[in-house]
Asker: 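Pasting in a structure now, in structure tokens, and then I'll have a few things to ask.
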Amino acid sequence: MEFLLENILNLIGFLVGLGIGIMSLIGFRNTGSPTLFRLSIAFFSISIGFFVIWAGYMAEDFVIKSGSMERWVQTLGIAIQTVGYFFIAFSHSIKAFFPKSSYFRSVGILPFFLVSSVQLEHLFRSVSFILLAYGAIETMLSYLDNRNKGAISVSIGLALLALGEFLGWYSFVFPESILYTVSMVIKIGGLIALFIPVSKVPLTKIKFDEGLE
Amino acid sequence: MAEYRTHMKIIGDILATTRDDLQDEDGATVTYLIRKANISHSRISRILKTLVSQGLLEQVDSQGSNKYKISQTGREFLQAYYKFTSFADNFGLSI
């Protein structure tokens, strides 16, 4: 059951990320907007992150058959997704994400070299949670400004992804519980909520115009 | 409080004015565009120069003064701009 859900989640994540990434890229090519450029990087990263984990599970299931997926593959996929979540949050103008002190900046990267891949996964999941929660709150605030109904769905989607990420991280404490399964179901719901308003944007008659770059 | 407009939004406003809100068939003067787009002369001059060089606006010499009209490429750009503004709105973002 967990394996099936994991595959569904990663496949949906890959497709939703790819779909929104392509739309953002078309938008960037047509308008030259830096916001759409950041969104395309964000969603292509999310898509690649989900794909890496999905490919890891597929390789384990059909080729390696060792009984459990290599931990570093999962960590790599989650790390790539975190980059995507960072760019979503960055699009909302994160101004104080990096410490101003050069000392803290230089030691800030140390944990990446000092901890194991399992601890790195904890780290990426917790950073993802913060970025997703930030994105969800900012999107909800923008809804309060312009009353665009699509923003509610995206905000709920990001909030569900954040909750799923939190439960996924918390399930390390209770490894045999239902928490991880619940986190995957919540994340699938979040991805669907994220795609609903985007799927309604009419993209007919939009074409690439090389002259506008 | 005044709403912050991105560079892209200002371009959208200028193109929309030259498409929907022209003074006459020859096009819009710089003064008219300044009033409609609500930006300074130096800034609009730079933007108009870029838009003409990108082929989004056509510069027309009318009775000794420059006027600006939207081109076909400009119309397509504006259509894309509106669609992707709605796309970005879903994420609570401005393009």
Side-chain angles (χ1 to χ4, degrees), chain A residues 20 23-39 42-43 87-93 135-155 157-158 193-209 211-213, chain B residues 1-20 33 37-39 43-60 68-95:
Chain A
I20 302 178
M23 281 187 204
S24 307
L25 185 65
I26 293 174
F28 169 67
R29 294 287 302 271
N30 275 271
T31 63
S33 160
T35 305
L36 293 174
F37 180 64
R38 282 192 288 270
L39 271 186
F43 282 101
F87 274 95
I88 291 178
F90 183 62
S91 298
H92 285 286
S93 307
I137 292 167
E138 284 292 324
T139 310
M140 187 51 81
L141 287 176
S142 83
Y143 164 74
L144 297 177
D145 275 349
N146 59 23
R147 301 281 163 187
N148 179 353
K149 285 179 185 169
I152 297 180
S153 186
V154 170
S155 177
L158 291 174
L194 208 60
F195 192 70
I196 289 171
V198 175
S199 66
K200 289 178 182 168
V201 174
L203 288 178
T204 49
K205 292 183 185 172
I206 293 293
K207 62 178 184 185
F208 284 97
D209 192 330
L212 294 179
E213 288 179 56
Chain B
M1 199 172 76
E3 183 200 357
Y4 172 76
R5 288 187 302 167
T6 60
H7 184 68
M8 192 65 66
K9 174 102 173 67
I10 292 170
I11 288 175
D13 287 349
I14 293 171
L15 289 176
T17 303
T18 57
R19 188 188 66 176
D20 307 327
L33 289 174
N38 192 26
I39 56 172
R43 190 164 183 200
I44 203 169
S45 298
R46 283 198 304 273
I47 293 174
L48 288 175
K49 200 174 166 185
T50 307
L51 294 181
V52 170
S53 69
Q54 295 277 338
L56 300 179
L57 282 183
E58 289 167 4
Q59 196 170 359
V60 185
Y68 296 89
K69 281 171 71 175
I70 193 166
S71 65
Q72 185 53 39
T73 313
R75 285 176 193 278
E76 287 169 8
F77 176 88
L78 200 55
Q79 187 191 22
Y81 166 77
Y82 284 135
K83 284 185 177 175
F84 286 104
T85 296
S86 142
F87 173 76
D89 274 350
N90 290 324
F91 292 90
L93 300 168
S94 308
I95 68 168

Asker: Where do Ser142(A) and Gly92(B) come nearest, in terms of heavy atoms and distance?
Answerer: OG-CA, 2.9 Å
Asker: Hey, which of Gly150(A), Gly157(A), Gly135(A), Pro34(A) has the most heavy atom pairs under 4.5 Å with chain B?
Answerer: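 When all of Gly150(A), Gly157(A), Gly135(A), Pro34(A) are compared, Gly150(A) has the most.
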Asker: Which heavy-atom pair separates Thr31(A) from Met8(B) by the least distance, and what is that distance?
Answerer: O-CE, 3.1 Å
Asker: Would Tyr81(B) and Ser33(A) count as a side-chain contact (heavy atoms from CB on, under 4.5 Å) here? Give the steps.
Answerer: CA-CA 9 Å; Tyr81(B) 166 77; Ser33(A) 160; over 6 Å; no
Asker: Kindly compute the distance separating CZ (Phe91(B)) from CG (Leu36(A)), expressed to the nearest 0.5 Å.
Answerer: 9.5 Å
Asker: Working to the nearest 0.5 Å, report the span between OG1 of Thr139(A) and CG of Leu93(B).
Answerer: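 Interatomic distance, Thr139(A) OG1 to Leu93(B) CG, rounded to 0.5 Å: 7.0 Å.
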Asker: So what's closer than 4.5 Å to chain B heavy atoms on Ser24(A): side chain, backbone, both or neither?
Answerer: both
Asker: Nearest 0.5 Å please: distance from the OG1 atom of Thr85(B) over to the CG atom of Asn148(A).
Answerer: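 Rounded to the nearest 0.5 Å, the OG1-CG separation comes to 11.0 Å.
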Asker: Does any heavy atom of chain B fall under 4.5 Å from the side chain of Ile20(A), the backbone, both, or neither of them?
Answerer: both
Asker: State, to 0.1 Å, how close Asp89(B) and Ala151(A) come at their nearest heavy-atom pair, and which atoms those are.
Answerer: O-CB, 3.9 Å
Asker: Might you confirm whether atom CZ of Phe195(A) has over 12 heavy atoms from other residues, nucleotides or ligands at distances under 6.0 Å?
Answerer: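 Yes, the 6.0 Å shell around CZ holds more than 12 heavy atoms from other groups.
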